Amino acid sequence: MLAILATHPIQYHVPLWEMIAREGRVPFEVWYLSEHATRPTRDREFQQNFAWDLDMLAGYPHRFLKTPRGATPNTPLRCRIAESLPELFQKS
């Protein structure tokens, strides 16, 4: 199985994950380190809330890994996996 590790769902990656899932040739799962951008989110640089106009989690296998509280793409030092990688692969 292929595990794709990402900090959070990214709007321009979702169509790629959906396509790979539809083709079904490569067993995979996307592992996210935060739920950032899966619901309306505050952009700290633009000081505005935003939401993507697509379902960021539909159509492909994914899971959110356990990380320290407050992990976001803006806090890379908190985006650490708090689970055992060998155990994660055994669960897959």
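Bear in mind the structure is a predicted one, so any value in this text is a computation, not a measurement. Computed from heavy atoms alone, side chains included, the values below leave out hydrogens, waters and symmetry copies.
Relative orientation of the Y60 and H62 rings is tilted, given thresholds of 30° and 60° on the angle between their planes. Ring-plane geometry between H8 and H36 is classed as perpendicular, the angle between the planes exceeding 60 degrees on a 0 to 90 degree scale with a lower cut at 30.
Follow the hydrophobic side-chain contacts under 4.5 Å out from L33 and you never reach V30; the two are in separate clusters. In terms of hydrophobic clustering, with Ile, Leu, Val, Met, Phe, Trp and Tyr side chains grouped at heavy-atom distances under 4.5 Å, F28 and W31 are assigned to different clusters. No chain of hydrophobic side-chain contacts below 4.5 Å, direct or via other Ile, Leu, Val, Met, Phe, Trp or Tyr residues, connects M1 to V26. Grouping the Ile, Leu, Val, Met, Phe, Trp and Tyr side chains by contacts below 4.5 angstrom, directly or via other members, places W17 apart from L5.
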Practice problem: I would like to know whether L57 and Y32 meet side-chain contact (heavy atoms from CB on, under 4.5 Å); could you show each step before the answer? | Solution: CA-CA 11 Å; L57 301 173; Y32 292 120; 4.1 Å; yes
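Across S34 and P9, no two heavy atoms sit closer than the pair O-CD, 3.7 Å. The two residues L88 and R63 come nearest to each other via the heavy atoms CD2-NH1, 3.6 Å. Among all heavy-atom pairs drawn from M56 and I10, the shortest one is CE-C, 3.6 Å. Here the shortest heavy-atom pairing between G59 and A21 reads O-CB, 3.4 Å.
Using a 4.5 Å heavy-atom cutoff, the side chains of F64 and T38 are in contact.
Heavy-atom neighbours of F46 CZ from other residues, nucleotides or ligands within 6.0 Å: at or below the threshold of 12.
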